[in-house]
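By convention in this document, chain letters (A, B, ...) are assigned in the order of the sequence lines, proteins followed by strands, and residues within each chain are numbered from 1. All of these numbers come straight from a predicted model, not from anything done at the bench.
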2 protein chains.
Amino acid sequence: MKQLSKSIRYAYWNTIKDINPLFVEAQYAVRGQVPSMAATIQEEINSGKKYPFDSITELNIGNPQTFGQKPITFNRSVLSSMLDPNILKYQSGDVQRRVKFYNDKIGFQVGAYSQSPGYPIIREAIANFIQKRDATKNKPSINDIILTDGASSGITLMFNLLLKDKNDGVMIPIPQYPLYSAVIAQCGAQQIPYYLVEDKNWSAEKQQLEEQYSKARRNGINPRILVCINPGNPTGQVFDKQSIAEMIKFAADKKITIFADEVYQENIYDSKKKFISFRKVANELNLDVEIYSFHSISKGITGECGLRGGYMEITSKIDSEVHFQIHKSKTIMLCSNTVGQLMTGLMVTPPTVEEGCTESTVQQYNDECKSLFTSLQRRAAVVTQYLNQTKGVSCQPIEGAMYAFPRIYLSDKYIQHAKKLGYEPDVLYCLDLLKETGLVVVPGSGFLQYPGTYHFRMTILILPEEKLLAKMKIFQQWHESYLSKFQ
Amino acid sequence: MKQLSKSIRYAYWNTIKDINPLFVEAQYAVRGQVPSMAATIQEEINSGKKYPFDSITELNIGNPQTFGQKPITFNRSVLSSMLDPNILKYQSGDVQRRVKFYNDKIGFQVGAYSQSPGYPIIREAIANFIQKRDATKNKPSINDIILTDGASSGITLMFNLLLKDKNDGVMIPIPQYPLYSAVIAQCGAQQIPYYLVEDKNWSAEKQQLEEQYSKARRNGINPRILVCINPGNPTGQVFDKQSIAEMIKFAADKKITIFADEVYQENIYDSKKKFISFRKVANELNLDVEIYSFHSISKGITGECGLRGGYMEITSKIDSEVHFQIHKSKTIMLCSNTVGQLMTGLMVTPPTVEEGCTESTVQQYNDECKSLFTSLQRRAAVVTQYLNQTKGVSCQPIEGAMYAFPRIYLSDKYIQHAKKLGYEPDVLYCLDLLKETGLVVVPGSGFLQYPGTYHFRMTILILPEEKLLAKMKIFQQWHESYLSKFQ
């Protein structure tokens, strides 16, 4: 039988050995081994097989609307009327005004390709948003703003454009979001890990950057890009101005390009912290440094993952020829989807009285945003609290983003047990958690972690909040009884 | 001044020499030199500068809605109600039924990430569409259908996944759609041109395939992929079953993977021709051949370029490990935009009485499709006729797609004149056509053409049809007087 299947396989002329090894190498744990098993289990449940739970709970991916998070009403009303002018008459005057505002510039052509970098009117809105957010005198040029299908496609484009050599290195925080390790692998470049210090709430330390930089240089690697994720994914920390300044000075000193992943800039729950952009700090330092910033409609309060919208901003002056190449490369894929572009415009342009909106429209918009934000804030607190109350688990405060990345303390006995079964210890842990509770979380090894430590990532997105509480209790009980067998 | 700007430029650490040369090399003429000048001219007109025309006419890109082509009402009504359930009550029962049909499966979560390959319910609809279209016993598995952001992103993914070596070659028709040459360049692989025979209405000849294959082999290039565009872009021919069978036999014999670009399958205007898919012919031949087929919502009757939807079908059995790698690679980018996915579902699932729709809904849908199609058919005929009535121009009949690719006969005197000015002759021709008439067309050199021949590509999309007539007259007069100076 093995023989047969083998012979069948080798009848094909594209086998695993014939295709791009860099793509084969790339991994993406967020939808990897554990979620795959989750899908299988859900199918088994649907076809009648019994498990100790009714359905799986997908805590592996930051996908708010799967838990019933409602999109912002105003945004959706504008979008739907852009797609179907026939229903415009049923919308409020405020929605009609905004639709007219967009259509006057776009020409009632949502179904047409836009300019490759995106609608000028949306890029203009983003430029205003950035200037206001950072309270800077200077305003970005719309030529430095490119709309993308989510942040991922912008990040992927820039890696592919800037990296050219197998010795090019990208400094990534550990733990990191797996898109980075995956795309670096696809580009055939080198990872240069810099470890965030968990005990200092996942801080980025200048000394660590310097050490890893020098080590890479000694190994013949040429550090080209420094990835900074703020607020942190999966780690949830929010960098203060000093940390950001240190990273910028480091990059300026070493002539490394910064990729500022700022997609969680709206998701800051610690009232003592606030979002400070790399652009703002670089402006104040007035250093010669190249920064690309990435933002998205998938997270924040907007939470419109499925619409695939976002933008990249060329935050600093760059070589005009490189600038041209960025635009040309974007052109080859024609344009980002126009619905995502419009949602990006809506994200950065709330309805206001200045615009002519009624108090009630503005009020409803603000109320929806506030209730969503405060709920996320409560959920972040609940998850942190439960995890830290759990024996053999510690979790840094979730200051921002949408995830907990708790450390789990696994006994040598457990580690041996896992190794014996041929699993990474955190992977076995997550697989058993899934099989016994239906909770889908991602092993820390998928995000990379400090050698000898074990973690997992879970979202804080479960709704309603009582359900989140219930699931955390289930986790707590499972964890303590599960590991008690391996004392 | 030169010195200064130079010194400024070299202050940046990412210069053109530091970035990926493969991306620098890639070209995309559809939005290249001529369209760039067109944008500049339009800006000048807007700011009061006088030209012999009021505005530019973008015939460079197949973007139907820019000319006021109306989207299909039913499709947009369903989409808008998916995005904004509040307006569902204003829609017809037929729209409400379809919305419920999707939402029951999707769970009112258009704003959430879908499964990476796309909504299962849409992939199921595509599988049914393909089986019905090809009238085959076997139906595609939904695991072999992956939804993409337009066809371009699927084609790009598969090139990146299958090509691994600088000696890997891709056989592309000449003339070709520039996405292919651009992505082959980005992948660092080799183009293997096979020339379509213009005098035989751009036929693909077995002998030409064999010759170019052998030549590539002699040059140490390993042909891996054969690109077949049917109906042709930019050339507009529709292949008959025999031509398709020859290409499939060639690929099977040489163990080359076929990429079947079938995005214009609905756009066939010659009543004697019909669309035959590579899948259908491969089924009948029952040969061991690997085929990937690509389709899109951007063209056809749907014409929703901006929404970026489409799918790729793995048309043949492939190695299971490669199959896994395709899905994994798609996963890294999470999913295609959900609005484009839904529009793809709508494209392949018209409203029917069987579904429960009223006669009038079905009638309206069919009427809209028919009037749009017959208009395209008339425009294809008008453009062909005018071009062939123009002195020094010949154009093969536009059997399908959305473009004319006329040959222009340029005198040696003109060619010398162009060379003296430092231009490719067809580029100078298109630049002067733009400056003097406002018509934006793409030089044939952007699509590659048989050495010593000159062409340009123009779309047939201008609406209303009288305007198209007027523009063709303008072209005719301009061309004859322009070239008369170079007899």
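Using a 4.5 Å cut-off between heavy atoms, A:Gln325 touches chain B through its side chain atoms alone. Only the backbone of A:Leu163 comes within contact range of chain B, with heavy atoms under 4.5 Å apart. Of the two parts of A:Gln91, only the side chain, counted from C-beta on, holds a non-hydrogen atom closer than 4.5 Å to a non-hydrogen atom of chain B. Residue B:Ser316 does not touch chain A at all, counting heavy-atom pairs closer than 4.5 Å. With a 4.5 Å cut-off on non-hydrogen atoms, A:Ser81 does not touch chain B at all. A:Met343 does not touch chain B: none of its heavy atoms, backbone or side chain, sits under 4.5 Å away. Interface remark: A:Gln69 contributes no atoms to any contact with chain B (heavy atom separation under 4.5 Å).
Nearest heavy atom pair, residue B:Gly62 against residue A:Tyr113, reads O-CE1, 3.5 Å. Of all heavy-atom pairs between B:Ser77 and A:Asp84, the closest is CA-OD2, 3.5 Å. Minimum heavy-atom separation, B:Gln65 to A:Gln109: O-CG, 3.5 Å. Across all non-hydrogen atoms, the minimal contact from A:Ala112 to B:Cys305 is C-CB, 4.4 Å. Here the closest heavy-atom approach between residue B:Lys17 and residue A:Lys164 is recorded as O-NZ, 2.6 Å. The two residues B:Leu161 and A:Phe23 have their closest heavy-atom pair at CD1-CB, 3.5 Å.
Taking the side chain as every heavy atom from C-beta outward, B:Leu334 and A:Ser152 approach each other to under 4.5 Å.
Ranked by non-hydrogen atom pairs under 4.5 Å with chain B, the options A:Ile297, A:Ile318, A:Thr73, A:Val339 are led by A:Ile318. Between chain A and the options B:Ile332, B:Leu307, B:Leu179, the largest number of non-hydrogen pairs under 4.5 Å is found for B:Ile332. Contact count versus chain B (heavy atoms, under 4.5 Å) is highest, among A:Asn86, A:Asp165, A:Asn160, for A:Asn160. Between chain B and the residues A:Ile87, A:Thr156, A:Leu83, A:Val289, the largest count of heavy-atom pairs under 4.5 Å involves A:Leu83. Ranked by heavy-atom pairs under 4.5 Å with chain A, the first of B:Ile256, B:Thr302, B:Leu79 is B:Ile256.
Once rounded to the nearest 0.5 Å, the distance linking OG of B:Ser329 with CD of A:Gln186 reads 6.0 Å. B:Asn14 CG to A:Glu321 CD: the interatomic distance, rounded to the nearest 0.5 Å, is 12.5 Å. Separating the CD1 atom in B:Ile155 from the CE atom in A:Met333 is a distance of 8.5 Å, to the nearest 0.5 Å. With rounding to the nearest 0.5 angstrom, the OG atom of B:Ser153 is 8.5 Å from the CG atom of A:Asp149. Here the OG-CD1 distance, from A:Ser320 to B:Ile16, works out to 9.0 Å after rounding to the nearest 0.5 Å.
Within a 6.0 Å sphere centred on NZ of B:Lys254, heavy atoms belonging to other residues, nucleotides or ligands number more than 12.
Between B:Val322 and the choices A:Ile19, A:Val24, A:Asp18, the side-chain contact (heavy atoms from CB on, under 4.5 Å) rule is met once, by A:Ile19.
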Report the C-alpha distance between A:Arg308 and B:Cys335 in whole Å, list the side-chain angles of each, state the deciding distance to 0.1 Å, and finish with yes or no for side chain to side chain contact (heavy atoms under 4.5 Å, CB included).
CA-CA 8 Å; A:Arg308 313 306 295 124; B:Cys335 69; 4.2 Å; yes

